[in-house]
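First the structure, in the form of structure tokens, and then the observations on it.
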Amino acid sequence: MDIGIIISGLGLAKSVAELAGLIETLDGKIDKLSQSELAAGLRNLDQACSSKVEAGSLLREARSCFNKAVGLESGYRRGIAYMGLALSHSYLHDRENCTAALRELLSQTPIPSINAEFVAKVRAENKDANLFKKFIVETSVVTQLSRFAAVLARRANFTPDSIRQFVQPTRDEMILGVKMDADARNLAKLQILVASHLGEGVKWMERYKLSAADVSL
């Protein structure tokens with residue numbers, strides 16, 4: 001799906017429908033009935049589509065919800081929050097902040113979960129025993145750091161982004177992680193679509209010298 005359609009001038013209802021379709025396409029369904037700011041933002045966008053009188057106020061409320069959601073969510077859900085924020089800005093005629101939101105989306109780094117199931121998949125796919133052994137040694141360190149980071153986050157109100165400096169997966173780990181972790185994969189797909197629309201790169205992929213083909217997206 002062309003991300004350009006979502007933020008083009010084809011109309012709010014069309015754009016929101018495209019955003020909903022994108023979420024479904026990426027297997028990242030968002031429960032709009034939940035009490036999260038993200039869900040509230042998506043509901044406000046839906047309502048703005050069918051309102052002739054209150055569309056402006058509903059869009060401003062959606063913008064407020066998405067602004068809160070980007071600070072509360074992580075991973076793919078944060079990516080959708082940035083997309084919703086960009087869409088809200090676009091239809092409030094704020095092109096500069098629309099582009100800024102999309103660039104923030106491109107700056108997010110997926111954090112693949114590394115767990116027993118993940119390792120089992122790697123074992124099944126990896127025929128090179130030495131490489132697998134190296135992978136296990138490296139990921140065990142990442143796992144420990146990730147758990148330590150989670151404890152820090154709970155105790156000191158850090159976010160995953162603020163403690164990412166302590167957890168630096170290798171290039172191979174990022175490739176495997178994005179391929180096998182649904183949340184990381186969906187965020188990466190969304191970023192690649194946005195990058196194509198803006199004509200810019202995805203920051204973490206540039207850092208790891210990766211292309212969409214490297215992670216089979």
Side-chain angles (χ1 to χ4, degrees), residues 1 3 5-7 11-51 53-113 149-150 152-164 181-191 193-194 197-198 202-204:
M1 180 178 298
I3 209 72
I5 295 175
I6 293 178
I7 57 175
L12 177 59
K14 173 70 172 178
S15 296
V16 172
E18 293 288 350
L19 176 57
L22 179 65
I23 295 172
E24 295 293 325
T25 299
L26 298 183
D27 299 323
K29 296 179 182 179
I30 305 296
D31 181 5
K32 294 182 183 179
L33 298 180
S34 75
Q35 299 303 307
S36 71
E37 294 290 346
L38 176 57
L42 292 171
R43 287 198 302 271
N44 280 314
L45 279 183
D46 279 342
Q47 292 168 16
C49 292
S50 57
S51 174
V53 178
E54 299 295 330
S57 61
L58 287 166
L59 283 169
R60 286 188 289 273
E61 183 61 31
R63 179 181 61 187
S64 175
C65 290
F66 289 130
N67 265 315
K68 294 174 184 176
V70 297
L72 297 171
E73 301 288 356
S74 62
Y76 176 65
R77 288 175 64 88
R78 179 181 289 178
I80 290 297
Y82 275 121
M83 276 299 310
L85 182 58
L87 186 57
S88 300
H89 283 313
S90 177
Y91 283 98
L92 288 169
H93 309 291
D94 189 347
R95 179 178 295 275
E96 187 172 314
N97 278 318
C98 172
T99 301
L102 293 176
R103 285 177 174 157
E104 283 293 329
L105 171 55
L106 296 184
S107 74
Q108 304 302 302
T109 302
I111 306 178
S113 61
L152 287 179
R154 288 195 297 271
R155 292 182 179 177
N157 295 321
F158 291 146
T159 66
D161 287 337
S162 68
I163 56 182
R164 185 175 290 115
D181 183 277
D183 185 84
R185 184 171 62 251
N186 285 331
L187 175 58
K189 286 181 178 179
L190 182 61
Q191 290 175 316
L193 289 172
V194 171
H197 170 68
L198 289 182
V202 181
K203 303 305 181 185
W204 68 271

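Keep in mind that the numbers below use all heavy atoms, side chains included, and drop hydrogens, waters and symmetry copies. Quantities reported herein were computed from a predicted structural model and do not represent experimental measurements.
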Is there a donor-acceptor pair closer than 3.5 Å between any side-chain N or O of Ser90 and the backbone N or O of Ala86? no

Check for a donor-acceptor pair, side chain of Gln191 on one end and backbone N or O of Gln108 on the other, with a separation under 3.5 Å. yes

Anything under 3.5 Å between a donor and an acceptor, one on a side chain of residues 57-67, the other on a protein residue two or more places apart or in another chain? List them.
| from | atom 1 | to | atom 2 | distance (Å) |
| --- | --- | --- | --- | --- |
| Ser57 | OG | Glu54 | O | 2.9 |
| Ser57 | OG | Glu54 | OE1 | 2.9 |
| Asn67 | ND2 | Arg63 | O | 3.3 |

How long is the gap from [atom1] on [X] to [atom2] on [Y], to the nearest 0.5 Å?
X	Y	atom1	atom2	result
Ser15	Leu45	OG	CG	9.5 Å
Leu19	Ile80	CG	CD1	5.5 Å
Leu87	Leu92	CG	CG	9.5 Å
Leu85	Glu104	CG	CD	9.5 Å
Leu105	Leu187	CG	CG	6.5 Å

Counterpart residues, side-chain contact (heavy atoms from CB on, under 4.5 Å), relative to Arg185 (two or more places apart):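 In terms of side-chain contact (heavy atoms from CB on, under 4.5 Å), with neighbours along the sequence ignored, Arg185 is linked to Ala182, Lys189, Leu217.
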
Pairing residues for Arg103 by the side-chain contact (heavy atoms from CB on, under 4.5 Å) criterion, not counting sequence neighbours: Thr99, Leu198, Glu200

Set of side chain to side chain donor-acceptor pair (under 3.5 Å) partners for Glu73, sequence neighbours left out: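 With neighbours one apart ignored, the set is Arg77.
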
Pairs satisfying salt bridge (Lys or Arg N to Asp or Glu O under 4.0 Å), at least one member in residues 88-102, at least two apart: none

Specify the closest pair of heavy atoms between Trp204 and Ala188, including all atoms of both residues, with the distance to one decimal. CZ2-CB, 3.9 Å

